[in-house]
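What follows is a short report on a single structure.
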Amino acid sequence: MNNRVQRACVFTVTVVAMVAMTVPFLRVSGQMPVRAPRYAITNARIVTAAGPVIDKGTVVMREGIIEDLGAAVTAPADALLVDGTGLVVYPGMIDMSNSSVVEVRTTTTQAPPAAPAAGGRGRGAVVATPDSVTWADQEREARARYLHPDVDAASLVELDGDDVRRLAAAGITTALAVPSQGIIRGQSALVNLTAPPDPAETSALATYRRGAVVVRSPVAQHVVFATGGQGGGGGGYPGALLGVIAFARQSFYDAQWQKEARAFADRNKSSVFGGFEPALDALAPALERKVPVAFEASEQREILRALAFAKEFNLDPIIVGGAEAGSVIDDLKAAKAAVIVSANFQAAGTPAGRGGGGGRGGGDADTPVRITRMRQNAAKVPAALEKAGIPFAFTVGGLQSPAEFVRSVARTVKEGGLAEESALKALTINAARLAGAAERLGTIEKGKMANVIVTDGNLFDASRIRHVFVAGWPVDIEAAAQAPAGRGRGAH
């Protein structure tokens, strides 16, 4: 009897051990992304953005990184070959402010209660009166609509869609994904614009796939001194510009107080504190200068307003837009600010949150002379920033077609006096450095992420993009280029 029991126990333990070994293995393999195959681009001119140009060489990519490059490098026998004869290899470009790659978060706000209507307005009519809407009501509604510092773009990245595919087809392999709603909009994330394919065993869970494209998060907290058409008009708070600024200032003061109150509570365990607002905790890293704060500001007065705000709270500022940044060079240097220049020069002077059309010939006939002059001079701003030693990068800025991005940046070279090498670095390594990811991408070097584009000529001479690789995976640029144009969903 004891022998039978012993044999049964041994059998049971063996089965359990086999299951324990098998189940974790299946679970892990189901979550591992497919590794990119080995590719080799041969006989191409290689502009590394990290050193001298290689006139004729080979770039080898394996498992998502650049394995080797150089004039004497031979393509491995197992590599898929891309003949680069007559072609030029560049690092993938980076768009440093884009909301079109972030899913719009649906928020539910409760409107303040309205008072019953007076007679003579029809059955069931409701009319808000000064007595029916209190200041507290407006404050609660404003905070629900406009205060979103805890929104994390990394969790809202748009992985599919025509907008994303068009960006990749235009040679933009990476973008700073920025939340699009509110005054204090939340935390941006640097993301690749295409995800690796999923293995057959893996369900296409959005959270899993988003993790595969995030390069770095958070990058910055974002503030826009406008309500962006989300309400607040008709005398409601915050409404006009002064109300918007007051709302933003109060939010940062509240976050500052809450940070100090939490620290006091941690030191004094017997103290009783209540009424903390979790969303405000997301502003603590900005107040501690652990992450920069990006302000959307194009005109001189907007830039000075943003810099003053940053100084008031000891923030690390980034200016996004910067059409008149050339006129406030000393202020930018004093604040140690960086600038993300919008390549949508024709939209300069458009109120924040309204977007703007692309192209050089647009604009209303009644556009003020000041705005016209600002748009004409916008292409000269990067050269002024470069001369002053102010870090800068570029953003698509809501251009109707991502393909216009390089053409607009080319204007900063041909019309604005910016050196071609400086323009390329602003599109690649300087953008990566600004996002805190220079060790991972932005140049063509061994060990860097294999974000690479291949053109049939000089990038700034109306060349055609022939191949795009994101994390070592080729992008079907023909299908992406044929995708119907979207409305840009708040792209900056």
Side-chain angles (χ1 to χ4, degrees), residues 36-50 53-62 64-71 73-76 79-95 162-175 192-197 343 394 396 399 401-410 413 420-421 423-425 427-429 431 441-445 448-483 485:
R38 180 181 273 173
Y39 284 89
I41 306 171
T42 62
N43 301 314
R45 188 169 190 263
I46 306 169
V47 182
T48 66
V53 173
I54 300 171
D55 289 326
K56 186 177 182 180
T58 296
V59 178
V60 181
M61 300 173 285
R62 183 184 185 186
I65 67 169
I66 296 170
E67 184 179 43
D68 205 356
L69 75 152
V73 171
T74 302
L80 300 172
L81 300 182
V82 176
D83 184 8
T85 303
L87 304 180
V88 187
V89 182
Y90 292 96
M93 293 182 287
I94 303 173
D95 176 7
D162 295 333
D163 287 341
V164 176
R165 284 189 284 270
R166 278 196 304 276
L167 288 166
I172 302 168
T173 59
T174 312
N192 282 336
L193 289 181
T194 61
F394 289 105
V396 169
L399 286 167
S401 169
E404 298 177 33
F405 186 35
V406 174
R407 291 195 290 269
S408 290
V409 174
V413 175
E420 188 174 299
E421 180 183 4
L424 177 63
K425 287 185 175 181
L427 285 168
T428 56
I429 183 58
L441 46 72
T443 59
I444 302 178
E445 297 180 272
K448 288 283 189 78
M449 189 176 291
N451 286 4
V452 170
I453 63 175
V454 183
T455 68
D456 60 8
N458 186 300
L459 183 64
F460 301 111
D461 286 339
S463 61
R464 179 187 172 196
I465 293 175
R466 301 291 297 275
H467 303 280
V468 175
F469 291 86
V470 178
W473 286 99
V475 175
D476 186 352
I477 60 176
E478 295 299 331
Q482 294 171 8

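Residues passing the side-chain hydrogen bond (donor to acceptor under 3.5 Å, both in side chains) test with Glu445 are Thr443, Lys448, sequence neighbours excluded. Residues forming a side-chain hydrogen bond (donor to acceptor under 3.5 Å, both in side chains) with Thr428 (at least two apart in sequence, or on another chain): none. Residues satisfying the side-chain hydrogen bond (donor to acceptor under 3.5 Å, both in side chains) criterion with Asn43, sequence neighbours excluded, are absent altogether. Contacts of Arg62 classified as salt bridge (charged side-chain N to carboxylate O under 4.0 Å, His left out), with partners at least two apart in sequence or in another chain: Glu67. Contacts of Asp456 classified as salt bridge (charged side-chain N to carboxylate O under 4.0 Å, His left out), with partners at least two apart in sequence or in another chain: none. Listed by chain and residue number, Phe392 satisfy the ring-ring contact (aromatic ring centres under 6.0 Å, His included) test with Phe394 (two or more places apart in sequence, or in another chain).
Annotation for Ala71 and Ile54: closest pair N-CG2, 4.0 Å, computed over non-hydrogen atoms. In terms of heavy-atom proximity, Ala44 sits nearest to Val89 at CB-CG2, 3.7 Å. Closest approach of Ala79 to Ala40, counting heavy atoms only: CB-CB, 3.9 Å. Closest approach of Ile94 and Ala431 over heavy atoms only: CB-CB, 3.9 Å. Scanning both residues, Ala49 and Lys425, for their nearest heavy atoms gives O-CE, 4.1 Å. For Val475 against Ala168, the heavy-atom pair with the smallest separation is CG1-CB, 4.1 Å.
Rounded to the nearest 0.5 Å, atoms OG1 (Thr58) and CD1 (Ile41) are 9.5 Å apart. Separation of atoms CG (Leu441) and CD1 (Ile65) is listed at 13.0 Å; rounding is to 0.5 Å. Rounding to the nearest 0.5 Å gives a distance of 9.0 Å between OG1 of Thr48 and CG of Leu424. If you take CZ on Arg466 and CD on Glu478, they are separated by 9.0 Å, rounding to the nearest 0.5 Å. Taking OG1 of Thr174 as the reference point, atom CG of Asn192 lies at 4.5 Å (rounded to 0.5 Å). For the atom pair CD1 (Ile46) and NZ (Lys56), the distance works out to 11.5 Å, reported to the nearest 0.5 Å.
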Please evaluate residues Leu459 and Val88 with respect to the criterion side-chain contact (heavy atoms from CB on, under 4.5 Å), reporting the C-alpha separation (whole Å), side-chain torsions for both, the decisive distance (0.1 Å), and the verdict. CA-CA 8 Å; Leu459 183 64; Val88 187; over 6 Å; no

Please lay out, stage by stage, how Val470 and Leu193 fare under the test side-chain contact (heavy atoms from CB on, under 4.5 Å). CA-CA 8 Å; Val470 178; Leu193 289 181; 5.7 Å; no

For Thr173 and Val468: C-alpha separation, side-chain torsions, deciding distance, then whether side-chain contact (heavy atoms from CB on, under 4.5 Å) applies. CA-CA 8 Å; Thr173 59; Val468 175; 3.9 Å; yes

Start with the C-alpha distance between Met93 and Val409, add both sets of side-chain angles, then the distance that settles side-chain contact (heavy atoms from CB on, under 4.5 Å), and finish with yes or no. CA-CA 11 Å; Met93 293 182 287; Val409 174; over 6 Å; no

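A heavy-atom distance below 4.5 Å is not found between the side chains of Thr194 and Trp473.
Listed for the Asn458 side chain is a donor-acceptor partner under 3.5 Å among the backbone atoms of Phe460. With hydrogens and angles disregarded, a donor-acceptor distance shorter than 3.5 Å links the side chain of Asp95 to the backbone of Val396. Asp55 places no side-chain N or O within 3.5 Å of a backbone atom of Arg45 that could act as its donor or acceptor partner.
Ionic pairing of Glu404 and Arg166 is not present here: no N-O contact between side-chain nitrogen and carboxylate oxygen is shorter than 4.0 angstrom.
For the pairing with Pro91, the side-chain contact (heavy atoms from CB on, under 4.5 Å) check across Ile453, Ile444, Leu427, Ile66 returns one residue only, Ile444.
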